[in-house]
Amino acid sequence: MSNIVKNFHNCINNICNQLINEKILDQNTNLNNINIDIPSDENRGDISTNAALIFRKFSSLNTMDLANIIKDKLLNIDFIFDVIVVNPGFINVFFTNDFLIDELKNLNTQGVEYGSNNIGKDCKINIEYVSANPTGPLHVAHSRGAVFGDVLSNLLEFCGYEVTREYYVNDSGSQIIALGESLYKRYKEQLNIKDEDAKIHLYPGKYLIDIANEIIKTDGDKWINTPLEDRAEYFQNYAIKNILKGINDDLNSIGIYFDKYSSEKDIIKKNYIEKVFSLLKDQDLLYLGNLKKPKGNIDEDWESRKQLLFKSTSFGDESDRPFKKSNNDWTYFANDSAYHYDKLQRGYKKLINIWGSDHIGYVKRMKSMVRSLSNSEVELEINICQLVHLKKDNKPIKMSKRTGNFITLKELTDQVGSDALRYFMLRRKNDAQMDFDLTKVIEKNNDNPIFYINYALARSNSLIEIFNDKIKKSNNFDLNKENFNKYLVKEEWKIIKKLLSWPHIVENCAIKSEPHRLIYYLEELSALFHSFWNLGKEQKSLRFIDENNLEKTICKIYIIKSMQNIFKCAYKILGIKIIDRM
RNA sequence: GUCCCGUUAGCUCAAUUGGAUAGAGCGUCAGACUUCUAAUCUGAAGGUUAUGGGUUCGAUUCCCAUACGGGAUACCA
């Protein structure tokens, strides 16, 4: 597992220990705030650190003197070519070319495993996402969380976590009762039987009609005039089963698969709510009380009610939260707490939930709950995916879930394809709102970054083809370090350094749960490649393939192979297809 | 009213968890195709990081206030 940033970090830590021994640094010097960066400006070295600026507080020496002492020690390390100290105390380090070539060989030896790490070693983690109610097909708003959760799972797996991808099915409660009755209503409708009961809320959309017709196909009109209690469960389960299958198909079509579906019904059957109840009671976190009247806009029929409340204020929430309704039923929050208790029982060391922005008000109470139920041993991380504004030709598309006039995930996938959908859903930070333009994401021009990176890959691939056809079929390159030094120009060293920063990018993305950075990395790498490619137009000697100079060509093709390796690895994490040719 | 998220170039967005001269793409202007694939590239112009304070060697980043935009706001799920 090679990571140039980590390697260098170790060097700095060693030097720090030496300095402590030499009494230059205080015994209790804190190393936590030391940054190791890959500078964006190449003049600032291949890697840089603020160590001297941090050490300043733990030493009688001034920052620049400290920096120079560290510099002298760094210069003794064999893979460091030069060190420059800059005001106010940054230490900029340049690697030797030999070191970079060794690392590039590492990259190729490790193949698509290059960049993986073990920060998640022995950590069982549960990532719950989508979890849309099984009352209708997935729509656009679900797709962002779906893709985000999937890629975060891939990424954490790559970092050594043992990941469970989980979908929580809300197959219980009043919505499901309404769903069952909606289906029954459609069933009657399809059999041309008049229904006077207009009170029942009907789920809009055509999908329930299709399901109703399936029931008619097998059962005919046998359910007509059966009492509610006899038919309810059948209609509910039938609807859930079919809708869930549709949801699953839609997800599969964009490459998303779950390891586990958890059912709310099952959780209730396990009596976990009662278990949670007593656990909270023991910690004195439940009490009977009245919530204060909320200020501002509220319904006119608000009334003060006595109900069982969870003390989430003791964890920083702004209000305590209802655990039971005033009629003594459990709230949804109580159910959800039981579900999280179930996850804890399964031995996860960390939980991640990915929620839509409409659930943002529930973040604090759920985090508080998991802390209470796990003795603060398990952290619940909640990533909020903000709204996606759909557009077409730069004009907003109006949608309303109430009338059933919304664009489904399936329709979106059919229009733009899985790759464009995934790529653009990931391209923005999850907690910022984003636009998604149906026409723009599939345009084949400069505006479209996914074509930009695919084009880089396609171009590089044609190089490999030409190389194999014309020059050499075998993979046994004679990789002579001297040749790299002799033939490569500064633009190519820049590409190599970019490639070697991949493990650092991966680690950062995983630690911060921010997969969008992978996308930006790919676009930057592609830019370096395209730019260098075009230099070859003006100056033939800079081209990758020179039939008259095998030694040089081999070095250059080796970089290309390394680059493709990184692309393959990144595409796998992002879940998008490799494009060989365009 | 309260809470959460956001505000960075004309537009859409980055910024390596407090670092150095805040970067890309689009758009604008000026250029590069007898090609290893022009779906590309080169150059120029474009900024008081919403505003005002604070913390410190150093702030787009952390804290406080203000403005604007979006979302959430008792027993639904």
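The shown structure was predicted, so the numbers you read here are calculated from the model rather than taken from an experiment. Each chain gets a letter, A, B and so on, in the order the sequences are listed, and its residues count up from 1.
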Look at the side chain of [X] and decide which nucleotide, out of [options], has an atom nearest to it.
X: His530(A); options: C41(B), C57(B), A77(B); value: C41(B)
X: Leu387(A); options: C76(B), A14(B), G70(B); value: G70(B)
X: Asn35(A); options: C5(B), U17(B), A20(B); value: U17(B)
X: Asn50(A); options: U12(B), U17(B), G19(B); value: G19(B)
X: Arg517(A); options: A15(B), U37(B), C76(B); value: A15(B)
X: Pro322(A); options: C75(B), A72(B), C41(B); value: C75(B)
X: Ile360(A); options: A14(B), C5(B), A20(B); value: C5(B)
X: Glu514(A); options: G70(B), G6(B), A15(B); value: A15(B)
X: Lys325(A); options: C75(B), A72(B), A39(B); value: C75(B)

Short side-chain N/O contact from His359(A) to OP1 or OP2 of C3(B), under 4.0 Å: no
Interatomic distance where CZ belongs to Arg44(A) and C1' belongs to G19(B) [whole Å]: 9 Å
Atom-pair distance (CD1 on Ile54(A); P on C57(B)), nearest Å: 11 Å
Straight-line distance of Glu264(A) CD to Asn335(A) CG, nearest 0.5 Å: 4.5 Å
Rounding to the closest angstrom, what is the interatomic distance between [N] and [M] at atom [atom1]?
N: A15(B); M: G71(B); atom1: C1'; value: 26 Å
N: G18(B); M: U60(B); atom1: C1'; value: 11 Å
N: C4(B); M: U66(B); atom1: P; value: 14 Å
N: U12(B); M: G69(B); atom1: P; value: 16 Å
N: U21(B); M: A59(B); atom1: C1'; value: 16 Å
N: G46(B); M: A72(B); atom1: C1'; value: 38 Å
N: G31(B); M: A67(B); atom1: C1'; value: 44 Å
N: U61(B); M: U56(B); atom1: C1'; value: 14 Å

Across all strands, who's sitting opposite [N] as a Watson-Crick or G-U wobble pair, both distances under 3.5 Å?
N: A65(B); result: U51(B)
N: A14(B); result: none
N: U2(B); result: A72(B)
N: U28(B); result: A44(B)

Base of G19(B) and ring of Phe90(A) stacked, centres under 5.5 Å, planes under 30°: no
Position toward the 5' end of RNA chain B (nearest nucleotide), Gln307(A) or Asn92(A): Asn92(A)
Looking only at the side chains, is there a donor atom on one of [X] and [Y] sitting less than 3.5 Å from an acceptor on the other?
X: Asp37(A); Y: Ser48(A); value: no
X: Asn353(A); Y: His340(A); value: yes
X: Glu381(A); Y: Ser513(A); value: yes

